[in-house]
Visitor: 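Before anything else, here's the structure in question.
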Amino acid sequence: MKYVITGATGHLGTQITTELTRLVNPDDISLGVHTLRKAMMWATLGIDINQIDYNDEVSLTKLLDNADVFIYVPSKSHDSFSRVTELEHVIAAAQQAHVKQLIAMGFIADQANNPFDLSAFYGYLPRRLAGSGLRYTILRNALYADPLVPYLPELIERQHVIYPVGDQSLSFISQADSAKAFAKVATTPSLQNHVYTLTQARNYSMPELAAVLSDISGQTITYQPVSATEFEKMYNQGNEGHMLSSMYAGGAMGLLDTVSDDYQTIMGHEATPLKEFLQQSYQ
């Protein structure tokens with residue numbers, strides 16, 4: 001078996017690689033990365049490291065040649081045009097290389113009416129794969145719970161959760177749980193050729209999220225939202241402000257509250273509850 005992972009030096013890709021090494025021989029894994037020096041730790045395990053450019057189909061095709069399973073984690077970008085262009089190169093290379101199974105990362109903010117900047121890409125992903133002739137599986141992640149950990153000190157100082165989602169709820173999954181599901185699906189043919197949604201067992205209204213964060217921190221945190229415009233200005237580091245505010249605009253429409261039991265279908269147990277995850281990570 002040949003397993004290929006792209007985006008392997010990012011937060012999720014790194015954890016997927018770690019989980020996959022627990023299930024298969026490292027010699028059977030190949031990584032496609034933009035910066036080789038960031039992946040040298042894997043080379044010591046016998047994993048094959050390859051430099052790729054998503055815009056260079058030649059490098060992609062070489063990496064994917066006769067891959068049994070290809071796990072595609074999109075590169076970090078702030079607009080759907082870049083992501084869709086990247087996906088077209090990925091699909092063309094996968095077709096030419098005769099990839100047997102493509103496993104792609106999706107996101108729950110993929111609805112036709114979602115104002116999120118990247119919803120066009122996440123909506124395009126399943127439709128494009130459906131017409132590609134490839135055998136594929138999509139794992140749609142809920143919001144990552146992980147950023148709440150470094151964000152908590154700021155929330156303690158503010159004394160408020162400020163997400164502009166009104167009375168709507170948000171659904172979460174940890175990157176560690178997502179990675180475990182990716183690795184399990186990659187190594188279990190009977191779980192492939194489906195679209196899964198990875199979430200914890202429940203979602204949280206903002207007062208409920210504030211209560212969980214209060215319990216974890218031992219400080220009183222309430223919910224006092226700012227406007228979407230103000231949120232964009234506050235978190236525009238790296239020009240990410242509009243992308244983030246547009247995501248929460250979708251949340252305010254009730255488009256980020258999805259709850260699914262797909263994680264339990266894959267892993268045989270529920271995903272780590274938000275409070276338990278935060279307790280372990282914050283401590």
Side-chain angles (χ1 to χ4, degrees), residues 7-19 34-35 38-39 41 73-78 105 107-109 116-118 141-165 168-182 198-200 202-228 230-252 256-257 263 271-283:
T9 57
H11 294 297
L12 180 62
T14 296
Q15 296 195 58
I16 292 173
T17 304
T18 298
E19 294 299 330
H34 291 287
T35 308
K38 292 183 179 180
M41 61 179 179
V73 180
S75 62
K76 183 177 180 180
S77 58
H78 300 161
M105 186 198 83
F107 184 42
I108 60 173
F116 177 40
D117 285 352
L118 292 173
N141 285 317
L143 289 164
Y144 290 140
D146 305 63
L148 288 170
V149 178
Y151 191 31
L152 189 48
E154 179 181 335
L155 295 178
I156 293 172
E157 184 176 351
R158 290 184 183 280
Q159 300 181 326
H160 308 298
V161 170
I162 62 173
Y163 296 134
V165 298
Q168 299 300 314
S169 298
L170 300 178
S171 179
F172 297 93
I173 189 76
S174 71
Q175 290 177 355
D177 279 345
S178 176
K180 290 173 184 175
F182 268 86
L198 305 180
T199 75
Q200 296 168 355
R202 57 157 298 183
N203 56 28
Y204 293 83
S205 70
M206 295 305 92
E208 290 171 336
L209 177 60
V212 169
L213 295 172
S214 295
D215 288 344
I216 298 300
S217 65
Q219 305 292 321
T220 300
I221 299 173
T222 62
Y223 180 47
Q224 291 192 17
V226 298
S227 69
E230 186 176 357
F231 192 90
E232 177 179 346
K233 292 178 180 177
M234 291 169 63
Y235 298 103
N236 198 37
Q237 298 86 352
N239 295 316
E240 294 184 342
H242 188 271
M243 181 189 68
L244 292 172
S245 66
S246 69
M247 183 177 70
Y248 290 116
L256 293 177
D257 64 355
Y263 185 87
T272 307
L274 181 63
K275 187 172 182 179
E276 180 180 335
F277 168 76
L278 292 174
Q279 283 174 328
Q280 295 171 351
S281 303
Y282 188 61
Q283 291 174 356

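Along the sequence shown, the residues carry numbers beginning at 1. Nothing here was measured: the structure is a model prediction, and the numbers come from that model.
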Visitor: Could you check whether any side-chain N or O of D146 sits under 3.5 Å from a backbone N or O of Q175, counting only pairs where one atom can act as donor and the other as acceptor?
Guide: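 Between the backbone of Q175 and the side chain of D146 there is a qualifying donor-acceptor contact (under 3.5 Å).
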Visitor: CD1/I173 to OG1/T272 distance, rounded to the nearest 0.5 angstrom?
Guide: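 That separation rounds to 7.5 Å.
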Visitor: Grab the two heavy atoms, one from G251 and one from L170, that are nearest each other, plus how far apart they are.
Guide: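 Heavy atoms only, the tightest pair is CA-CD2, 4.5 Å.
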Visitor: Just verifying a value: how many Å separate Q15 CD and D177 CG, rounded to the nearest 0.5 Å?
Guide: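 Answer rounded to 0.5 Å: 9.5 Å.
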Visitor: What distance do N239 atom CG and L244 atom CG have between them, rounded to the nearest 0.5 Å?
Guide: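 With rounding to 0.5 Å, CG (N239) is 11.5 Å from CG (L244).
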Visitor: Within the side chain of T9, is there an N or O that forms a donor-acceptor pair under 3.5 Å with the backbone of K38?
Guide: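 Looks like no, no N/O pair under 3.5 Å.
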Visitor: More than 12 heavy atoms of other residues, nucleotides or ligands under 6.0 Å from NE2 of H34: is that the case?
Guide: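 Counting other residues, nucleotides and ligands, NE2 of H34 exceeds 12 neighbours.
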Visitor: Do side-chain atoms of S281 reach the backbone of L278 as a donor and acceptor pair under 3.5 angstrom?
Guide: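 Answer holds: no.
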Visitor: Take E240 and K76 through the test side chain to side chain contact (heavy atoms under 4.5 Å, CB included) and record every step on the way to the result.
Guide: CA-CA 11 Å; E240 294 184 342; K76 183 177 180 180; 3.1 Å; yes
Visitor: Do Y248 and F231 have ring centroids that are under 6.0 Å from one another?
Guide: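 That pair passes the under 6.0 Å test.
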Visitor: For the residue pair L256 and V165, establish whether any side-chain heavy-atom pair is separated by less than 4.5 Å.
Guide: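 When only atoms from C-beta onward are counted, V165 and L256 do not touch, as no gap falls below 4.5 Å.
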Visitor: Would you say I162 and Y223 make side-chain contact, with heavy atoms under 4.5 Å?
Guide: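 Of all side-chain heavy-atom pairs linking Y223 with I162, none is under 4.5 Å.
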Visitor: Which heavy-atom pair separates L155 from V161 by the least distance, and what is that distance?
Guide: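 Residues L155 and V161, closest heavy atoms: CD2-CA, 4.2 Å.
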Visitor: Is there a donor-acceptor pair under 3.5 Å between the side chain of S171 and the backbone N or O of T199?
Guide: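 The answer is no, because no donor-acceptor pair under 3.5 Å joins these two groups.
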Visitor: So F116 and F107, side chain to side chain contact (heavy atoms under 4.5 Å, CB included) or not? Walk me through it.
Guide: CA-CA 11 Å; F116 177 40; F107 184 42; 3.7 Å; yes
Visitor: So which heavy atom on A252 is nearest to which on P164, and how close?
Guide: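 Where A252 meets P164 most closely, the heavy atoms are CB-O, 3.7 Å.
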Visitor: Heavy atoms, side chains only, cut-off 4.5 Å: are L274 and Y204 in contact?
Guide: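 A side-chain contact exists here, since the closest heavy-atom pair is under 4.5 Å.
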Visitor: Work out which heavy atom in Q200 is nearest to a heavy atom in S174; give both atom names and the distance.
Guide: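 Smallest interatomic distance, heavy atoms only, reads NE2-N, 4.3 Å.
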Visitor: Does the distance from a Lys or Arg side-chain N to an Asp or Glu carboxylate O, for K275 and E208, drop under 4.0 Å?
Guide: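 Between E208 and K275 there is no salt bridge, as every charged N stays at least 4.0 Å from the carboxylate O atoms.
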Visitor: Start with the C-alpha gap between L12 and M105, add the side-chain angles, then the distance that decides, and say whether side chain to side chain contact (heavy atoms under 4.5 Å, CB included) holds.
Guide: CA-CA 10 Å; L12 180 62; M105 186 198 83; 3.6 Å; yes
Visitor: Is there a side-chain contact between T222 and R158 in this structure, where contact means two heavy atoms from C-beta onward sitting under 4.5 Å apart?
Guide: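 No, their side chains stay 4.5 Å or more apart.
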Visitor: Where does the angle between the aromatic ring planes of Y151 and Y235 fall among parallel (under 30°), tilted (30 to 60°) and perpendicular (over 60°)?
Guide: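 Judged by the thresholds at 30° and 60°, the geometry between Y151 and Y235 is perpendicular.
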Visitor: Under 4.5 Å between any side-chain heavy atoms of V73 and I16, yes or no?
Guide: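 Yes, close enough: below the 4.5 Å cut-off.
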Visitor: Using a 4.5 Å cut-off on heavy atoms from C-beta on, say whether the side chain of Y163 contacts that of V226.
Guide: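 They are not in contact (no side-chain heavy atoms under 4.5 Å apart), so the answer is no.
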Visitor: Mind listing the closest non-hydrogen atom pair of A271 and Y263 along with its distance?
Guide: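 Closest approach of A271 to Y263, heavy atoms only: N-CD2, 3.3 Å.
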Visitor: Measuring from atom CD of Q159 to atom OG1 of T220, what distance do you get when rounded to the nearest 0.5 angstrom?
Guide: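 The CD atom of Q159 sits 7.5 Å away from the OG1 atom of T220.
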Visitor: Hey, could you give me the NE2/CD distance between H160 and E154, rounded to the nearest 0.5 Å?
Guide: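 Result: 12.5 Å between the selected atoms.
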Visitor: Whether the side chain of S246 engages the backbone of M243 through a donor-acceptor N/O pair (distance < 3.5 Å, no angle test) should be reported.
Guide: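 Such a contact is found between S246 side chain and M243 backbone.
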Visitor: Might you point out which heavy atoms bring S217 and Y282 nearest each other, and give the distance in Å?
Guide: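 Where S217 meets Y282 most closely, the heavy atoms are CA-CE2, 4.3 Å.
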Visitor: Apply side chain to side chain contact (heavy atoms under 4.5 Å, CB included) to residues T14 and M41 and explain how you reach the verdict.
Guide: CA-CA 11 Å; T14 296; M41 61 179 179; 4.1 Å; yes
Visitor: Within the side chain of S169, is there an N or O that forms a donor-acceptor pair under 3.5 Å with the backbone of D257?
Guide: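 Absent.
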Visitor: Nearest 0.5 Å, what's the OG1-CZ distance between T17 and F182?
Guide: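 That separation rounds to 11.5 Å.
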Visitor: Indicate yes or no: at least one non-hydrogen side-chain atom of D215 is less than 4.5 angstrom from one of Q279.
Guide: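 Not in contact.
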Visitor: Do the non-hydrogen side-chain atoms of S178 and L198 ever get within less than 4.5 Å of each other?
Guide: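 They are in side-chain contact.
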